[in-house]
Amino acid sequence: MAEVNTTDVQEKKSLNFIEQIVENDLREGKNGKRIQTRFPPEPNGYLHIGHAKAICMDFGIAQKYGGVCYLRFDDTNPTKEDVEYVEAIKEDIEWLGYKWEKEVYASDYFPQLWDFAIQLIKEGKAYIDEQSSETIAAQKGTPTQPGVESPYRNRPIEESLELFQRMNTGEIEEGKIVLRAKIDMASPNMHFRDPIIYRVVKTPHHRTGTTWKAYPMYDFAHGQSDYFEGVTHSLCTLEFVPHRPLYDLFVDWVKGGKDLDDNRPRQYEFNKLNLSYTLMSKRNLLVLVKEKLVDGWDDPRMPTICGFRRRGYSPESIRLFIDKIGYTTYDALNDFALLESAVREDLNTRATRVSAVLNPVKLTITNYPEDKVEELETVNNPEDPTAGTHIIEFSRNLWMERDDFMEDAPKKYFRMTPGQEVRLKSAYIVKCTGCRKDEAGNVVEVFAEYDPNTRSGMPDANRKVKGTLHWLSRDHCLSAEVRMYDRLWTMENPRDALADICKQKDCSSLEAMKEMMNPDSLHILKECYVEKFLANARPYDYLQFQRIGYFNVDKDSTPKQLIFNKTVSLKDTWAKTQK
RNA sequence: UGGACUAUGGUGUAAUGGUAGCACAACAGGUUUUGGUUCUGUUUGUCUAGGUUCGAAUCCUGGUAGUCCAACCA
């Protein structure tokens with residue numbers, strides 16, 4: 001029965017348009033019914049949740065259709081790249097739960113690409129241009145005006161050949177000459193107007209060192225790399241749609257003819273992730289890190305994979321979110337609330353429930369003996385009976401949450417207020433008898449009397465009261481620092497807002513970002529208390545502070561200095577009705 | 001004002017010429033030793049004007065709106 005059910009669910013889940021293409025290709029026997037993809041990051045920064053969407057697609061398609069996925073570092077621009085990023089990227093992909101068949105680099109193909117470029121020169125399909133970048137740009141025309149041909153366009157092949165060799169010896173300075181493909185200066189597709197395919201870069205490469213001085217451009221490397229590796233489906237985001245005709249052209253050329261066979265990579269594009277209240281571009285994230293507006297790439301407010309990891313998101317929750325938003329060709333703006341609902345959904349099943357008092361006030365049970373301490377059992381996770389239980393101490397002197405007491409309470413306030421009964425979670429029902437205030441009128445202590453018959457196992461254990469509060473025994477808890485995070489940006493679409501501010505005020509994106517940042521994105525609470533049970537909690541452990549939210553243990557937390565990060569609040573229908 | 005792409009509730013997504021469905025969000029209620037979870041119910045949608053068709057969210061044409069393209073970045 002259960003198996004039938006699973007099949008039903010799978011059948012009901014409709015295929016996204018890429019999966020439909022893949023199934024079609026499989027049916028038609030393209031590429032020998034083989035599926036191969038690649039995830040091709042440039043090692044110039046940390047992966048963010050937008051990359052996670054591409055990772056789930058690239059690795060997911062291979063997984064689902066019995067194919068393989070390579071991890072290929074697109075390292076054709078040594079000025080921006082670094083091994084630091086290579087290592088971080090690998091860590092993040094593994095954390096997300098994916099394994100690559102092979103780790104490869106575009107730079108592995110530099111010799112083949114070089115030979116191919118020479119072949120094109122010999123065939124009259126490429127030439128060396130000696131004009132300045134400004135001139136070349138000007139000759140390119142505009143989208144509405146055709147370009148004009150370079151005076152070097154029809155230079156003798158021998159000249160181009162010789163100059164191309166010298167591009168790689170070091171004798172030619174950066175920017176002096178480039179190799180261009182000879183295509184069509186009048187094409188409505190700007191990428192066809194004799195694109196530059198090789199340029200001189202003298203910065204040492206993080207893998208090949210100083211072996212090369214001439215480096216291929218993206219368009220000249222990507223499709224060919226796919227072809228060399230045997231990639232069948234080259235999946236990327238929508239901004240590469242205009243590149244596709246060029247991709248196909250170069251693949252045709254490197255294959256040595258258009259219709260030789262059907263074994264060739266094809267590029268398909270899907271929409272990239274836009275998230276509300278989130279700035280995604282690597283360039284701007286780099287500014288945040290460099291200018292120390294955040295605490296590094298893994299600051300829990302960052303949309304990086306490592307940021308979400310430090311914040312307490314699970315890999316499963318991120319994959320669940322990606323699965324929910326789907327893949328289309330529409331430029332969507334996804335609601336951050338959907339990501340939050342995904343992480344709540346996942347953490348609800350796995351986070352250990354504990355008590356933490358973040359804004360403490362004394363609670364004294366006046367009819368409970370001074371020296372008595374009871375060890376009470378509390379469940380680790382009501383959603384998971386196998387998660388077990390742990391002990392929490394109860395005594396006369398407790399901490400409670402300041403928000404859980406009101407002297408004059410509104411009608412539907414089910415918490416501590418004089419004359420009202422509440423349940424102390426996992427312990428007794430108590431009745432509030434009053435409070436003590438300081439000279440300024442601040443409540444400094446709340447008083448209550450307990451009903452000894454209402455503890456679990458006692459005769460009145462199942463007596464119902466409206467409210468249940470969390471609490472801690474003052475002599476049996478630990479101090480902790482708790483970091484409360486909120487969104488980094490105040491506007492729903494910070495990318496557009498950033499552009500607007502820069503334009504209006506004619507300022508740098510750094511200045512604009514400073515203006516846009518949410519001043520309340522981080523609140524550090526230093527005087528919090530948590531259960532003794534957390535003495536040995538390990539970094540990244542998933543927790544639920546009951547009635548508050550999901551939290552995790554920060555990577556810098558130690559038994560002496562406990563630090564917790566708020567991942568996301570619990571849904572709070574009470575707070576909502578108060579607004 | 002060139003080319004390419006896109007348009008389904010507030011948001012995202014399905015329906016592949018034949019009953020507009022799902023998730024999030026919102027709202028109302030039941031259960032609950034977390035105002036959580038869970039369960040039930042409710043509200044809200046095919047950008048627009050034509051055309052093809054027995055029948056159009058789907059195909060065609062015009063309009064409107066949005067995205068991308070003029071790096072020696074990827």
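Naming: A, B, ... by sequence-line order, numbering from 1 per chain. Since this is a predicted model, take the numbers as computed values, not measurements.
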Given U13(B), is OP1 or OP2 found less than 4.0 Å from the side-chain N or O atoms of N271(A)? yes
Given Watson-Crick or G-U pairs with both distances under 3.5 Å, what dot-bracket string fits RNA chain B, with | for other-strand pairs and [ ] for crossing? .((((((..((((....[..)))).(((((.......)))))....(((((..]....))))))))))).....
Side-chain ion pair, K213(A) and E171(A), N-O less than 4.0 Å: no
Specify the separation, in whole Å, of atom CG of L333(A) and atom P of A25(B). 17 Å
Taking only side-chain nitrogens and oxygens of T329(A), does any of them come within less than 4.0 Å of OP1 or OP2 of C5(B)? no
Can you find a donor-acceptor N/O pair under 3.5 angstrom joining the side chain of E383(A) to the base of G36(B)? yes
Walk me through whether N274(A) and D331(A) qualify under side chain to side chain donor-acceptor pair (under 3.5 Å). CA-CA 8 Å; N274(A) 297 308; D331(A) 184 40; 3.0 Å; yes
OP1 or OP2 of G35(B) sitting under 4.0 Å from any side-chain N/O of R547(A)? yes
Once you apply a heavy-atom cut-off of 4.0 Å, does Y413(A) come out as touching a base, just sugar-phosphate, or nothing? base
Separation of U11(B) P from Y277(A) OH (nearest whole Å): 13 Å
What integer number of Å spans the P atoms of U11(B) and A25(B)? 16 Å
In chain order, what residues pass the side chain to side chain donor-acceptor pair (under 3.5 Å) check against D129(A), with sequence neighbours excluded? Q131(A), S150(A), R180(A)
Select from G457(A) and R344(A) the residue whose nearest nucleotide in RNA chain B is closer to the 5' end of that strand. R344(A)
Write down the protein N/O and nucleotide N/O pairs, taken from nucleotides 27-30 of chain B, whose separation is under 3.5 Å; answer none if there are no such pairs.
{"from": "C27(B)", "atom 1": "OP2", "to": "K576(A)", "atom 2": "NZ", "distance (Å)": "3.4"}

Name all residues meeting the side chain to side chain donor-acceptor pair (under 3.5 Å) criterion together with T349(A); count only those two or more places apart in sequence or in a different chain, and write none if there are none. none
Who are the side chain to side chain contact (heavy atoms under 4.5 Å, CB included) partners of V422(A), not counting sequence neighbours? M416(A), V430(A), L469(A)
Determine the contact category for Q544(A): base if any of its heavy atoms lies under 4.0 Å from a base atom, sugar-phosphate if only primed atoms, P, OP1 or OP2 are that close, otherwise nothing. base
Between C72(B) and G66(B) - P atom distance, rounded Å: 29 Å
Parallel, tilted or perpendicular: which describes the rings of F250(A) and F220(A), with under 30° parallel and over 60° perpendicular? perpendicular
I'd like to know if R72(A) and D226(A) make a salt bridge, using a cut-off of under 4.0 Å between side-chain N and carboxylate O. yes
B/S/- along nucleotides 66-74 of chain B (protein heavy atoms under 4.0 Å) is -SSSB-BSB
Take nucleotides 17-24 of chain B nucleotide by nucleotide from the 5' end and write B, S or -, depending on whether a protein heavy atom sits under 4.0 Å from the base, only from the sugar-phosphate, or from neither. ------SS
Can you tell me how far C1' of U6(B) sits from CG of N274(A), to the nearest Å? 14 Å
Rounded to whole angstrom, note down the C1' distance from C24(B) over to G62(B). 36 Å
What integer distance in Å separates L347(A):CG from U34(B):P? 19 Å
If you look at every strand shown and take non-hydrogen atoms under 4.0 Å, does S456(A) touch a base, only sugar-phosphate, or nothing? base
Using atom P of each nucleotide, how far apart are A26(B) and A7(B) to the nearest Å? 28 Å
Taking R350(A) first and then E316(A), would you say they form a salt bridge - that is, a charged N and a carboxylate O separated by under 4.0 Å? yes
Can F414(A) be called stacked on G35(B) when the rule is centres closer than 5.5 Å and an angle between planes below 30°? yes
From the list V568(A), N334(A), I49(A), side-chain contact (heavy atoms from CB on, under 4.5 Å) partner of L339(A) resolves to I49(A)
Tell me, please, which residues at least two apart from S133(A) pass side chain to side chain contact (heavy atoms under 4.5 Å, CB included). none
Which part of the nucleic acid does A342(A) contact within heavy-atom distance under 4.0 Å: base, sugar-phosphate only, or nothing? nothing
For Y105(A), the side chain to side chain donor-acceptor pair (under 3.5 Å) test, sequence neighbours excluded, returns E103(A)
Length of the line joining E401(A):CD and G35(B):C1', which is rounded to integer Å: 14 Å
Salt bridge check: are E269(A) and R244(A) linked by an N-O gap of less than 4.0 Å? yes
Looking at R207(A) and D75(A), does any basic side-chain N land under 4.0 Å from a carboxylate oxygen? no
If the P atom of U42(B) is compared with that of U1(B), how far apart are they to the nearest Å? 47 Å
Taking any heavy-atom pair under 4.0 Å as a contact, classify R353(A): base, sugar-phosphate, or nothing. base
Here the distance between atom C1' of A25(B) and atom CD of E340(A), to the nearest Å, is 12 Å
Scan residues 144-151 of chain A against RNA chain B and write down, sorted by residue number, each residue with any heavy atom closer than 4.0 Å; if none is found, say none. T144(A)
Going by an N to O cut-off under 4.0 Å, is there a salt bridge joining D25(A) and R266(A)? no
Suppose we screen for side chain to side chain contact (heavy atoms under 4.5 Å, CB included). Which residues come up paired with Q145(A), at least two apart in sequence or across chains? T142(A)
I'd like to know if E42(A) pairs up with K80(A) as an ion pair, taking the criterion as any Lys NZ or Arg NE/NH1/NH2 lying under 4.0 Å from an Asp or Glu carboxylate oxygen. no
Hey, do the aromatic rings of Y218(A) and H222(A) have their centres closer than 6.0 Å? yes
Identify, with sequence neighbours excluded, every residue that meets side chain to side chain contact (heavy atoms under 4.5 Å, CB included) alongside D572(A). W574(A), A575(A)
Give me the distance, rounded to whole Å, that separates G9(B) from G3(B) when you measure between the C1' atoms they each carry. 34 Å
Given the P atoms of G36(B) and G30(B), what is the spacing between them in whole Å? 13 Å
Taking atom P in both U6(B) and U61(B), compute the distance separating them and give it to the nearest angstrom. 13 Å
Length of the CG-C1' vector between D572(A) and A26(B), whole Å: 16 Å
Residue that, paired with R353(A), satisfies side-chain contact (heavy atoms from CB on, under 4.5 Å) out of N381(A), V379(A), L543(A): N381(A)
Pick the nucleotide of RNA chain B nearest each of A427(A) and N16(A); which residue has the one closer to the 5' end? N16(A)
d(CZ, R423(A); C1', G36(B)) in whole Å: 17 Å
